[in-house]
Amino acid sequence: MALFHFRTEGVLTNLAPIRRGWMFVDFFFVLSGFVIAHAYWERVGRGLSPWRFLGLRLGRIYPLHVAVLLLMLAAELGLAIFGGARDAFSSGRSLGDLAASLLMLHASGLTDRLVWNGPSWSIAAEFWAYVAFAALALTRRVWPFALLGLGAGLAMLAIHPDLYEASFDLGVVRCIYGFALGVLVWRLRSEPAWRPPVWLATVAELLYVAAIIGFTALVWGGARTLVAPILFAGVVYVFAEDAGMVSRVLKMRPLPLLGMLSYGIYMVHPFVQARLMEVLAKLGLARTGTPDELTAQGWTADAITLTMLALVVAAAAIVYRMIEAPARAFTRRRLRSSDQGDEVAAW
């Protein structure tokens, strides 16, 4: 997503899978449903209260969300005091929009655009999927998730048949569609299954990788995008076995480290990119405003893109050490969580 949101005239950010990279938000929703069900389904059955579950999840996603909002608020105050390329507290950065972001309501149709930290709409949507999970998991049945996912998918088809158009207005429904699919995949994987030989698992993994690349490269928009979460559900099902060579490659360094930093990368990259564009504007390589625009082209643009990625990863490492890990540890202590159930790849 850091590449998707960094528009340049270079090669890297204009590759077809990158330009359609917004679809991987839906992969995250599916993966999140799978991992949350894996980590918490049995714990809910053993007496984990919905409030404690939600407390653990908020301890994972909310502190960094608030920290980035405070950084952006400081930037807006600086703009108001010293001036800049645009007016302060404009274009989705009003105080009302800030309140919606703090209350995790900026993916529920209460704002008229992406506000403040734009990508965080998906985090707000994810929180309400957690609420649905906390309520439905108490039934100890999977069919309510199937009905919820079906209803969300039909609502998307009727209201927003293009996933790309559903974010600040219908983001919660979009998230629940993928999240419910992830829970259903977990239930399928939880049953005793035949473990395929390495060669067969590798073939299946490669076929799904090819399918993802082909789908994201060829599907531009429209109702066909609603197939993406179903495709991603298949990906999660196949890779959950960890039986093929592709799975083994994904466990090689530094990929697990990037996985650990993925939430930070996702949350801080708009702020880092905005500050980088301000520096580049002073060097004559960019114009800032609405929208920001990189004027550099060719290899220069690609070099700037790689620099941006390095800065984003470095910033994510810092916030992981200073905010994410301490906040998660604090939440566990407060809620007396002795296990590691909330230490999951899907943030």
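Note that the coordinates shown come from a computational prediction; the quantities given were computed from them, not determined experimentally.
Here the side chains of His269 and Phe6 are not in contact, with every heavy-atom distance at 4.5 Å or above. Counting heavy atoms from C-beta outward, Met267 and Ile123 have side chains that approach closer than 4.5 Å. With contacts defined as side-chain heavy-atom distances shorter than 4.5 Å, the pair Val30/Asp26 does not qualify. A 4.5 Å side-chain heavy-atom check between Arg174 and His160 finds every atom pair outside the cut-off. Considering only heavy atoms from C-beta on, Ser90 stays 4.5 Å or farther from Glu76 through its side chain. At least one side-chain heavy atom of Leu285 sits under 4.5 Å from a side-chain heavy atom of Ile304. A 4.5 Å side-chain heavy-atom check between Val142 and Pro144 finds every atom pair outside the cut-off. Counting only heavy atoms from C-beta outward, the side chains of Asp97 and Ser94 approach each other to under 4.5 Å.
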**OP:** Please report the C-alpha distance between Ile176 and Phe29 in whole Å, then the side-chain angles of each, then the deciding distance to 0.1 Å, and finally whether the side-chain contact (heavy atoms from CB on, under 4.5 Å) criterion is met.
**Re:** CA-CA 8 Å; Ile176 286 175; Phe29 291 151; over 6 Å; no

**OP:** Show the numbers, then the answer: is there a side-chain contact (heavy atoms from CB on, under 4.5 Å) between Leu163 and Leu226?
**Re:** CA-CA 6 Å; Leu163 285 179; Leu226 294 174; 3.6 Å; yes

Subject >> Derivation of the side-chain contact (heavy atoms from CB on, under 4.5 Å) call for Arg248 and Val198 >> reply: CA-CA 10 Å; Arg248 296 180 186 181; Val198 173; 3.4 Å; yes

**OP:** Go through the steps for Leu79 and Phe89 under the test side-chain contact (heavy atoms from CB on, under 4.5 Å), then give the verdict.
**Re:** CA-CA 9 Å; Leu79 214 74; Phe89 298 101; over 6 Å; no

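Taking every heavy atom of both residues into account, Gly264 and Leu64 meet most closely at CA-CD2, 3.7 Å. The minimum heavy-atom distance linking Phe127 with Met104 is given by the pair CB-CE, 3.8 Å. The two residues Ala228 and Met23 have their closest heavy-atom pair at CB-SD, 4.3 Å. Here the closest non-hydrogen pair linking Thr225 and Pro161 is OG1-O, 3.8 Å. Taking each heavy atom of Pro270 and Met72 in turn, the nearest pair found is CB-CE, 4.1 Å. Trp116 and Ser101 get closest at one heavy-atom pair: CB-OG, 4.2 Å.
If you run side chain to side chain contact (heavy atoms under 4.5 Å, CB included) between Arg19 and each of Thr13, Thr216, Leu3, only Thr13 comes through.
To the nearest 0.5 angstrom, Leu311 atom CG is 11.0 Å from Leu306 atom CG. Note: Trp143 CH2 to Leu136 CG = 9.0 Å, rounded to the nearest 0.5 Å. Taken to the nearest 0.5 Å, the CZ atom of Arg43 stands 11.0 Å off from the NE2 atom of His38. The distance from atom CG of Asp169 to atom CG of Asp112, rounded to the nearest 0.5 Å, is 10.5 Å. Taking CG of Leu58 as the start and OH of Tyr130 as the end, the distance is 9.0 Å to the nearest 0.5 Å. Rounded to the nearest 0.5 Å, atoms CG (Leu54) and CZ (Phe133) are 10.5 Å apart.
Under a hydrophobic-cluster definition in which Ile, Leu, Val, Met, Phe, Trp and Tyr are linked whenever side-chain heavy atoms come within less than 4.5 Å, directly or via other members, Leu70 and Tyr263 are assigned to the same cluster. Residues Ile18 and Val209 are members of one and the same hydrophobic cluster, defined by side-chain heavy-atom contacts under 4.5 angstrom among Ile, Leu, Val, Met, Phe, Trp and Tyr. Cluster annotation: Val313 is connected to Ile318 through the hydrophobic network of ILVMFWY side chains, with a link wherever side-chain heavy atoms come within less than 4.5 Å. In terms of hydrophobic clustering, with Ile, Leu, Val, Met, Phe, Trp and Tyr side chains grouped at heavy-atom distances under 4.5 Å, Tyr177 and Leu154 are assigned to different clusters. By the criterion of side-chain heavy atoms lying less than 4.5 angstrom apart, applied directly or through intervening Ile, Leu, Val, Met, Phe, Trp or Tyr residues, Val172 is grouped together with Leu157 in one hydrophobic cluster.
Counted within 6.0 Å of OH on Tyr164, heavy atoms from surrounding residues, nucleotides or ligands total 12 or fewer; the atom is thus considered open.
Using a distance-only test at 3.5 Å, with no hydrogens or angles considered, a donor-acceptor pair links the side chain of Tyr62 to the main chain of Leu102. Side chain of Ser262 to main chain of Gly259: a donor-acceptor pair is present (N/O by atom type, distance under 3.5 Å, no hydrogens or angles). The backbone N or O of Leu110 lies less than 3.5 Å from no partner atom in the side chain of Ser108, so there is not a single donor-acceptor pair.
For the residue pair Ser120/Tyr266, the side-chain donor-acceptor check at 3.5 Å is not satisfied. Donor-acceptor pairing under 3.5 Å is lacking for the side chains of Asp302 and Thr305.
Not less than 6.0 angstrom separates the ring centroid of Phe168 from the ring centroid of Trp121. In this structure, Tyr40 has its ring center under 6.0 Å from that of Phe53.
In summary, Arg57 and Glu126 do not engage in a salt bridge, as defined by a charged side-chain N under 4.0 Å from a carboxylate O. Between Asp162 and Arg224, no side-chain nitrogen of the basic residue sits less than 4.0 Å from a carboxylate oxygen of the acidic one, so the salt-bridge criterion is not met.
Between Trp186 and Trp41, the ring-plane angle classifies as tilted under the 30° and 60° cut-offs. In this pair, Phe27 and Phe24 present their aromatic rings perpendicular. The plane angle is above 60°, beyond the 30 to 60° band.
For the pair Arg141 and Phe145, the cation-pi criterion (under 6.0 Å, within 45° of the ring axis) is not fulfilled. For the pair Arg275 and Phe271, the cation sits on the ring face: its NZ or CZ lies under 6.0 Å from the ring centre, inside 45° of the axis.
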